[in-house]
Amino acid sequence: MSMQEFEMVAKTFQGLEDVLAEELRSIGAKNVEPGRRMVSFQGDLAILYRANMCCRTALRILKPIYKFTAADPDELYSLIKEYDWSSVLSLDKTFAIDTVSNSEEFTHSRYVTYRVKDGIVDYFRDKFGPESRPRVRLQDADVMINVHIAGERVTVSLDSSGESLHKRGYRVAQTEAPINEVLAAGIILKSGWRGDCPLVDPMCGSGTFLIEAALIAAGINPGIYRRRFAFEAWPDFDADLFDSIYNDDSAERTVQHPIIGADISPKAIAIATENAKSAGVAKYIDLQVKPLSQWTDAPADGVMITNPPYGERISADDMDGLYAMIGAKLKHVFRGYHAWIIGYREEYFRKIGLSPSVKLPLYNGALECELREYIIFDGDYKSFRAQGGSIRTEHKDKDDRKKPRRMADSEWRAEARREGFGGKKAASPRNRTIFSDRRKPFAPDAPKSEADNSENPLARRRNEHALKMLVGKKPALPRKDDPMIRPRRGWKRPGAAQEDQE
């Protein structure tokens with residue numbers, strides 16, 4: 001029997017939208033449309049479960065349940081209060097609110113979250129009595145609610161993922177500034193590598209590129225390591241369906257080509273080894289302590305993907321010399337390779353001394369970085385050109401039509417009006433508040449900074465002071481003379497949350 005289909009939104013990092021869209025299409029999602037830091041799509045419960053289990057470049061999967069327009073916080077409160085919250089919450093359950101506001105009308109997300117909480121609580125008080133209400137919980141809430149505001153457009157969604165999906169669950173330790181797992185997987189997928197040739201990371205740190213590459217090459221879903229997903233507490237959770245998806249290993253295969261990593265730090269290699277063992281892919285990865293200066297050979301016709309120091313949180317004694325050495329090793333050791341390097345400073349890139357074929361803007365934490373591809377042709381450039389080779393300096397190749405195009409502001413606003421997401425500007429620390437501390441995975445990732453844990457590197461991920469402000473507060477009722485804007489409702493989901501976790 002076919003299941004009901006509904007709209008979903010997958011969040012990701014800016015620059016990975018096209019890769020995520022392809023991942024969603026590959027699992028059977030319909031009406032897949034990339035946006036800004038998100039991809040909208042449609043599917044049923046099976047697609048929702050697969051999106052969480054299988055998508056390597058998704059940060060979280062949202063299920064919109066309520067859309068409307070509001071001109072001010074009082075209208076927001078009234079329209080939130082009108083929704084049938086008993087369909088997703090019950091009195092004995094806890095909830096968390098994650099607010100993102102890209103709006104001139106709602107400039108303080110803390111206050112937005114406060115008013116949304118008021119609306120939800122007062123719905124239950126009006127229906128069941130003045131002392132009856134579900135509780136806000138800072139950590140491990142039963143139901144996670146996402147509120148996204150763009151202008152006057154408000155989208156309320158259920159967060160099906162819970163903890164950000166970049167927290168795979170395999171990382172048992174980390175070096176000082178590890179690359180985010182979602183970003184690492186996105187860079188690998190953008191490179192076109194799917195396990196069909198050798199992959200090398202000569203500055204591998206805690207091994208994130210190598211482990212994500214091994215998972216890709218072996219066809220292992222990244223979600224198998226996670227202890228739980230938020231949708232497992234939903235009233236309509238289908239345990240049998242999820243088990244069938246979780247236990248489906250039909251795509252798994254043996255890795256055919258070497259995945260090689262090295263680092264100058266013995267501690268980093270020890271950490272990478274433990275992480276690879278935790279992920280169950282240590283047998284596919286060759287790790288060794290070796291500085292870049294000692295690389296004299298490499299497997300033929302491979303791909304290099306690496307994240308060298310930027311001179312910010314991690315720095316080498318001679319940054320100019322390090323990047324010059326990278327260029328020298330590319331020219332003399334990695335001939336025939338496609339090298340993908342993510343970096344931050346243009347002056348260091350110039351020290352490589354090679355012309356990149358591709359430049360792609362990407363965020364790494366809070367840093368606006370650039371991913372560059374260098375094609376290291378074997379032989380002289382004239383012979384390379386005679387054989388049909390080219391080094392592209394602009395995105396005008398024939399495959400560009402498959403990539404998401406940049407949209408003018410007017411086009412994006414029109415798209416956002418239809419999809420309910422997007423906005424005029426990126427969220428800033430003062431207009432993002434989260435009442436939730438993500439549950440630690442079974443194999444806890446080491447602590448990160450706020451910028452590292454954030455989906456938006458400029459956003460604050462939690463605010464305990466804001467939570468304390470909610471206790472014992474009374475909502476301000478809407479002004480009687482205000483005209484009400486009726487909601488543009490899309491759908492409602494029946495059911496209630498699961499057991500109390502107070």
Polar side chain donor-acceptor pair, Ser265 to Asp263, under 3.5 angstrom: no

CE-CG distance between Met144 and Asp142, expressed to the nearest 0.5 angstrom: 11.5 Å

Tyr49 and Tyr246 aromatic centres sub-6.0 Å: no

Derivation of the side chain to side chain contact (heavy atoms under 4.5 Å, CB included) call for His338 and Ile376: CA-CA 6 Å; His338 286 240; Ile376 316 302; over 6 Å; no

Student check: side-chain heavy atoms of Leu199 and Ile305 closer than 4.5 Å: yes

Taking every non-hydrogen atom, the tightest pair across Ser206 and Arg171: OG-NH1, 3.0 Å

Distance-only donor-acceptor check, side chains Arg37 and Thr12, under 3.5 Å: no

Exceeds 12 heavy-atom contacts within 6.0 angstrom, atom CD of Glu368: no

Donor-acceptor under 3.5 Å (Asn275 side chain, Val172 main chain): yes

Distance, nearest 0.5 Å, that separates CG of Leu287 from OG1 of Thr273: 4.5 Å

Ring geometry between Tyr348 and Tyr323 (parallel below 30°, tilted from 30 to 60°, perpendicular above 60°): parallel

Minimum heavy-atom distance Pro299-Pro258, with the two atoms named: CG-CG, 4.4 Å

Non-hydrogen side-chain atoms of Ile47 and Leu24 separated by less than 4.5 Å: no

Main-chain N/O of Ala141 paired with Thr94 side-chain donor or acceptor, under 3.5 Å: no

Smallest separation among heavy atoms of Gly15 and Lys190, with atom names: O-CE, 2.7 Å

Side-chain donor-acceptor pair present, Thr208, Glu181, cut-off under 3.5 Å: no

Any side-chain heavy-atom pair of Val9 and Ile61 under 4.5 Å: no

Where Cys54 and Ile27 come nearest, the two heavy atoms and their spacing: CB-CG2, 4.2 Å

Side chains of Ser40 and Met8 in contact at under 4.5 Å (non-hydrogen atoms): no

Polar side chain donor-acceptor pair, Ser161 to Asn52, under 3.5 angstrom: yes

Ala230 versus Gly162, closest heavy-atom pair with distance: CB-N, 3.5 Å

Side chain to side chain, Ile269 and Lys267, heavy atoms closer than 4.5 Å: no

Leu59 side chain near Leu165 side chain, heavy-atom distance below 4.5 Å: no

Neighbour count above 12 (heavy atom, 6.0 Å) for Lys351 NZ: no

Ring center gap for Tyr374 and Trp340 short of 6.0 angstrom: no

Distance-minimising heavy-atom pair for Leu354 and Gly327: CD1-O, 4.3 Å

Heavy-atom side-chain contact between Pro222 and Ile224 under 4.5 Å: no

Donor-acceptor side-chain pairing of Glu23 and Thr57 below 3.5 angstrom: yes

Among Lys67, Lys63, Gln42, the one residue meeting side chain to side chain donor-acceptor pair (under 3.5 Å) with Glu7: Lys67

Worked verdict on Leu322 versus Met203 for side chain to side chain contact (heavy atoms under 4.5 Å, CB included): CA-CA 11 Å; Leu322 172 63; Met203 292 172 279; 4.3 Å; yes

Side chains of Leu62 and Ser160 in contact at under 4.5 Å (non-hydrogen atoms): no

side-chain contact (heavy atoms from CB on, under 4.5 Å) partners of Ala185, counting only residues at least two apart: Arg56, Arg168, Glu212

